[in-house]
Amino acid sequence: QVQLVESGGGLVQTGGSLRLSCAASGSILSNNVMGWYRQAPGKQRMFVTQITTGGVTNYVDSVKGRFTISRDNAKNTVYLQMNGLKLEDTAVYYCNIATSGRRYWGQGTQVTVSS
């Protein structure tokens, strides 16, 4: 009933930047939370950041000051601006939305940071 499509992943050198986008569609309540998790090979999927409809944000400590989450409520789209990328940021990034008591996930987009 809810679908999310991600884009913007790619290969970047350390210190570089990428901007991820994720557009949600379907049965979405006006009040919801959208965010990003990431999963490196052999690691668990971990929380990165989230943002409410009202613009309240939360970040994992390791990305504070480097990543910025934002959203367009009218388009049900969430963005992740990633600056000062480090090798340890390499992972598959998954966007998600929590609405109507359920959580839905995007297909994932690969971010690879090289030296």
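Each ring pair (Phe, Tyr, Trp, His ring centres under 6.0 Å) pair with one or both residues in residues 63-90, not counting sequence neighbours, would appear here, but there are none. Within the structure, side chain to side chain donor-acceptor pair (under 3.5 Å) contacts touching residues 11-24 (residues at least two apart or in different chains) are S17-N83. The disulfide bond (SG atoms under 2.5 Å apart) contacts involving residues 4-103 comprise C22-C95, where partners must be two or more places apart or lie in separate chains. Residue pairs meeting the disulfide bond (SG atoms under 2.5 Å apart) criterion with at least one partner in residues 59-90, sequence neighbours excluded, are absent.
For R71, the salt bridge (charged side-chain N to carboxylate O under 4.0 Å, His left out) test picks out no residue, with sequence neighbours left out. Scored by the side chain to side chain donor-acceptor pair (under 3.5 Å) test, R66 finds D89 as partners (sequence neighbours excluded). Applying the ring-ring contact (aromatic ring centres under 6.0 Å, His included) criterion to Y104, with sequence neighbours excluded, gives no partner residue. The side chain to side chain donor-acceptor pair (under 3.5 Å) search around Q1 returns S27, not counting sequence neighbours. D72 pairs by the side chain to side chain donor-acceptor pair (under 3.5 Å) definition with nothing, not counting sequence neighbours. T112 pairs by the side chain to side chain donor-acceptor pair (under 3.5 Å) definition with Q110, not counting sequence neighbours. Judged as a side chain to side chain contact (heavy atoms under 4.5 Å, CB included), and not counting sequence neighbours, the contacts of S100 are L29.
Note on V33 and Y94: separate hydrophobic clusters, where clusters join Ile, Leu, Val, Met, Phe, Trp and Tyr whose side-chain heavy atoms are under 4.5 Å apart, directly or indirectly.
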Determine whether L4 and I97 satisfy the following criterion, side-chain contact (heavy atoms from CB on, under 4.5 Å), listing intermediate values before the conclusion. CA-CA 8 Å; L4 301 99; I97 184 169; 3.8 Å; yes

Which is it for N96 and W36 under the side-chain contact (heavy atoms from CB on, under 4.5 Å) test, yes or no, and what are the steps along the way? CA-CA 6 Å; N96 66 279; W36 298 88; 5.6 Å; no

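Distance check, rounded to the nearest 0.5 Å: CG of N76 to CD1 of I28 gives 4.0 Å. Interatomic distance, K86 NZ to S62 OG, rounded to the nearest 0.5 Å: 8.0 Å. Atom CE of residue M34 and atom OG of residue S70 lie 10.5 Å apart, to the nearest 0.5 angstrom.
For the pair S7 and L20, the minimum side-chain heavy-atom distance is 4.5 Å or more. Side chains of L80 and T68 form no contact here, defined as non-hydrogen atoms less than 4.5 Å apart. Looking at I69 and Y59, their side chains come closer than 4.5 Å, going by heavy atoms from C-beta outward.
Counting all heavy atoms, side chain and backbone alike, L18 lies closest to L85 at N-CD1, 4.0 Å.
With hydrogens and angles ignored, the 3.5 Å screen pairs no side-chain donor or acceptor of T77 with any backbone N or O of A23. A donor-acceptor distance shorter than 3.5 angstrom exists from the side chain of Q107 to the backbone of E6, with no hydrogens or angles considered.
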Mind listing the side-chain donor-acceptor pairs of residues 39-53 below 3.5 Å, one per line with the distance, residues two or more places apart or on another chain?
| from | atom 1 | to | atom 2 | distance (Å) |
| --- | --- | --- | --- | --- |
| Q39 | NE2 | K43 | O | 3.1 |
| T49 | OG1 | N58 | O | 2.8 |
| T52 | OG1 | G54 | N | 3.3 |
| T52 | OG1 | G55 | N | 3.3 |
| T52 | OG1 | V56 | N | 3.1 |
| T53 | OG1 | S30 | O | 3.2 |
| T53 | OG1 | N32 | N | 2.9 |
| T53 | OG1 | N32 | O | 3.0 |

